[in-house]
Amino acid sequence: MKQLFVIIVFFSCVNQSMAQFSQQERDSIYRLSAQDHKLMLKELGIESLRHGPSGNPNDPNAANSDESKVADYSLPELLVFKDGSKVTSVSEWEKRRQEIKEDFNAEVYGQFPENVPDVNWKVVSRKDSIIGEYPVQVEELLGVVDNSAYPEIEVEIEMTLTLPKNTDKKVPVILKFDWNFPAGFFPEPDQEKPWQEQLLAQNWGYASLIPTSYQADNGAGLREGIIGLVNKGEPRKLDDWGALRAWAWGAGRALDYFENHSKVDSTKVAIEGLSRYGKAAMVTMAYDDRFAVGFIGSAGAGGTKILRRNFGEQVENLVSTSQYHWFAPNFIKYGGPLNVNDLPVDAHHLIALAAPRPVFISSGDPKVEGNWIDAKGMFLAGVHASHAYEIYDEKALSKTEFPQVGEFLSEGKLVFRIHEGGHTVVPNWPYFIEFAKPYFK
């Protein structure tokens, strides 16, 4: 029964963006997503895609969850240029880093458009409140995107910023990619002290950013939101950005606001996300060097898991009609005529792009969270990404043996912990806080 409960909770998280819609609206979203997906297949010259495995371990086509059945794989090099020469210095790594970004831009997450409009932040309300025992100031914010080039599409970024009032100093802020669940739809696990109060106890602030306010979490929304606005309502080109890159763009605009805030230390802003938002948080760390720390929760395939591991979710799942919108259309071909071994990059490249900044990779207990996320695949990606940290003479994941549940690999700037719970980061908040403290002094 526990495993069935985990499946229900996980896929509630996966389908969170549909919870707010009526059945008729959901039917329309599915239909329009399928139409756009089909159009992208046509543009790519693809007639059909391979089916991905099921996330339900009781299904006949269930994803592999047996380590003995993981096939051998070979990872593309991290510290080797495309011409075959090796990276031996920080300056050379910075050049190699650009090569890696270009591969991700072209084949996975998409190109950042040149004509992204400006954002004007408005304070909707500012009021004093109490969170637990901590006096705070809460700002309700709206980032209004300039749509003068295409007035037919309006885009606004929703964010709430909560700051402690018992300090006169500028404070660090944890920026959380947050869910817009209906009340009670996806309650967080019980905590002795909620994570918000744990942060306020450190005199840190936190912000809740709603990614779906500026880019929908479905293919039907690709001609709306920031992607649709930039494209003036037209379909994406094959190397256009997907929702993950667009969500990361919104995080960058939030940081723009923090840079001009009298009470926020914008040099000490962390990005946090779970599941698909864990993927978005890792993409944010990879592309925006201003973020000081990353807290990456159960990001899995398309995020911090080795895609080449045939364990849990696979590339064929990512390119289906329900998830292809996270990526550039070009990524779809790796579930059709090409396969995962044709990808020029993998998750260790993405994590390495954050080096030498501190990153905490979080996972739930596979017996509770399930194997879809592939905790070991995330750990191994971190191990292989550690070589980029070593270029800076920084410690990362030096241990290559998969850790036990509850064991905290905390010695370096790239750390990993499997907590005792399921598809959440909640039990790892105290460990993240201890990890981040030295960087927030």
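In what follows, every heavy atom counts, from backbone to side chain, and hydrogens, waters and symmetry copies are set aside.
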Checking Lys101 against Tyr287 for the side chain to side chain contact (heavy atoms under 4.5 Å, CB included) test, could you report, in this order, the C-alpha distance in whole Å, the side-chain angles of both residues, the deciding distance, and whether it holds? CA-CA 8 Å; Lys101 281 187 177 181; Tyr287 280 96; 4.3 Å; yes
Under the side-chain hydrogen bond (donor to acceptor under 3.5 Å, both in side chains) criterion, do Gln196 and Thr162 qualify, and how do the steps go? CA-CA 9 Å; Gln196 295 93 334; Thr162 302; over 6 Å; no
Determine whether Met159 and Leu175 satisfy the following criterion, side chain to side chain contact (heavy atoms under 4.5 Å, CB included), listing intermediate values before the conclusion. CA-CA 10 Å; Met159 182 170 68; Leu175 177 62; 4.0 Å; yes
Under the ring-ring contact (aromatic ring centres under 6.0 Å, His included) rule, what do Trp204 and Phe440 come out as? Steps first, then yes or no, please. CA-CA 9 Å; Trp204 298 354; Phe440 282 174; 4.9 Å; yes
Let me see the working for Asn330 and Tyr109 under side-chain hydrogen bond (donor to acceptor under 3.5 Å, both in side chains), right down to the final yes or no. CA-CA 9 Å; Asn330 270 337; Tyr109 301 114; over 6 Å; no
Could you go through Lys413 and Lys395, starting from their C-alpha distance and side-chain angles, then the distance that decides it, and tell me whether this counts as side chain to side chain contact (heavy atoms under 4.5 Å, CB included)? CA-CA 6 Å; Lys413 276 194 169 181; Lys395 288 184 178 180; over 6 Å; no
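For Ala63, the side-chain contact (heavy atoms from CB on, under 4.5 Å) partners two or more places apart in sequence, or in a different chain, are Pro53, Trp372. Under the ring pair (Phe, Tyr, Trp, His ring centres under 6.0 Å) criterion, His387 pairs with no residue at all, not counting sequence neighbours. For the salt bridge (charged side-chain N to carboxylate O under 4.0 Å, His left out) test, residues two or more places apart in sequence or in another chain that qualify with Glu67 are Arg309, Lys376. For Asp365, the salt bridge (charged side-chain N to carboxylate O under 4.0 Å, His left out) test picks out no residue, with sequence neighbours left out.
No salt bridge links Glu102 with Lys82; every basic N to acidic carboxylate O contact stays at or beyond 4.0 Å. A salt bridge links Asp289 with Arg97: at least one charged nitrogen is closer than 4.0 Å to a carboxylate oxygen. In summary, Lys127 and Glu139 do not engage in a salt bridge, as defined by a charged side-chain N under 4.0 Å from a carboxylate O. Ion pairing between Glu92 and Lys95 fails under the 4.0 Å rule for side-chain N and carboxylate O.
With His261 contributing its side chain and Leu255 its backbone, the two residues share no donor-acceptor pair below 3.5 Å. No side-chain donor-acceptor contact under 3.5 Å links Gln98 to the backbone of Trp93. In this structure, Asp346 contributes its side chain and Arg308 its backbone to a donor-acceptor pair below 3.5 Å. Listed for the Ser386 side chain is no donor-acceptor partner under 3.5 Å among the backbone atoms of Ala396. Proximity of a side-chain donor or acceptor of Ser22 to a complementary backbone N or O of Glu25 within less than 3.5 Å is detected. Judged by distance alone, with hydrogens and angles left aside, the side-chain atoms of Asp288 form a donor-acceptor pair with the main-chain N or O of Arg290 at under 3.5 Å. The backbone N or O of Ile29 lies less than 3.5 Å from a partner atom in the side chain of Ser33, making a donor-acceptor pair. Side chain of Arg245 to main chain of Gly242: no donor-acceptor pair is present (N/O by atom type, distance under 3.5 Å, no hydrogens or angles). Formation of a donor-acceptor pair under 3.5 Å by the Asp374 side chain with backbone atoms of Lys305 is not found in this model. No side-chain donor-acceptor contact under 3.5 Å links Glu316 to the backbone of His51.
Separation of the Trp179 and Tyr277 ring centroids falls under the 6.0 Å cut-off. Residues Trp429 and Phe295 bring their aromatic ring centres within 6.0 Å. Here the two rings, on Tyr206 and Trp195, have centers that are under 6.0 Å apart.
When only modelled atom types and interatomic distance are considered, Gln198 and Glu192 share no side-chain donor-acceptor pair under 3.5 Å. There is a side-chain donor-acceptor pair under 3.5 Å between Tyr431 and Arg417. Side chains of Thr212 and Asp217: no donor on one and acceptor on the other come within 3.5 Å. When only modelled atom types and interatomic distance are considered, Ser125 and Glu140 share no side-chain donor-acceptor pair under 3.5 Å. Under the 3.5 Å distance criterion, with hydrogens and angles disregarded, no donor-acceptor pair is assigned to the side chains of Ser54 and Asn56. Between Gln314 and Asn310, the side chains place no donor N or O within less than 3.5 Å of an acceptor N or O (distance only, hydrogens not considered).
Proximity of Ile361 to Leu414: side-chain heavy atoms (C-beta onward) are separated by under 4.5 Å at one or more points. Using a 4.5 Å heavy-atom cutoff, the side chains of Val264 and Lys170 are not in contact. Using a 4.5 Å cut-off on side-chain heavy atoms (C-beta onward), Arg253 and Asp256 make contact. Within the 4.5 Å cutoff, the side chain of Gln137 has heavy atoms near those of the Lys263 side chain. A heavy-atom distance below 4.5 Å is not found between the side chains of Val368 and Glu420. Two residues are said to be in side-chain contact when any heavy atoms from C-beta on lie closer than 4.5 Å; Phe416 and Pro403 meet this criterion.
Between Arg276 and Trp326, the shortest heavy-atom distance links the atoms CZ-CZ2, 3.5 Å. For the residue pair Val80 and Val87, the shortest heavy atom distance occurs at N-CG2, 4.3 Å. Heavy atoms only, all atoms of each residue included: Gly364 and His419 are closest at CA-CE1, 3.5 Å. Heavy-atom minimum distance, Leu274 versus His423: CD2-O, 3.5 Å. For the pair Thr284 and Ala251, the tightest heavy-atom approach, listed with the atom from each and the gap, is CG2-CB, 4.0 Å. For the residue pair Arg96 and His349, the shortest heavy atom distance occurs at NH2-NE2, 3.7 Å.
Ring geometry for Phe360 versus Phe408: interplanar angle of 30 to 60°, hence tilted. The aromatic rings of His37 and Tyr324 stand perpendicular to each other, their planes meeting at an angle above 60°, with 30° marking the opposite boundary. Ring pair Phe402/Phe379 is tilted by interplanar angle, where 30° to 60° counts as tilted. Ring geometry for Tyr439 against Phe435 counts as perpendicular: the plane angle is over 60°, on a 0 to 90° scale with 30° as the lower cut. Between Tyr257 and Trp121, the two ring planes are tilted [angle within 30° to 60°].
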Donor-acceptor pairs under 3.5 angstrom involving side-chain atoms of residues 333-341: please list them, not counting sequence neighbours.
| residue | atom | partner | partner atom | Å |
| --- | --- | --- | --- | --- |
| Lys333 | NZ | Glu107 | OE1 | 3.1 |
| Tyr334 | OH | Glu107 | OE1 | 2.7 |
| Asn339 | OD1 | Asn341 | N | 2.8 |

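The list of ring-ring contact (aromatic ring centres under 6.0 Å, His included) pairs with a residue in residues 52-80, not counting sequence neighbours, is empty.
No more than 12 heavy atoms of other residues, nucleotides or ligands lie within 6.0 Å of CD in Glu411, so this atom counts as exposed by the packing criterion. Heavy atoms of other residues, nucleotides or ligands lying less than 6.0 angstrom from CG of Asp59 number more than 12. In Glu401, the CD atom is not crowded: 12 or fewer heavy atoms of neighbouring residues, nucleotides or ligands sit closer than 6.0 Å.
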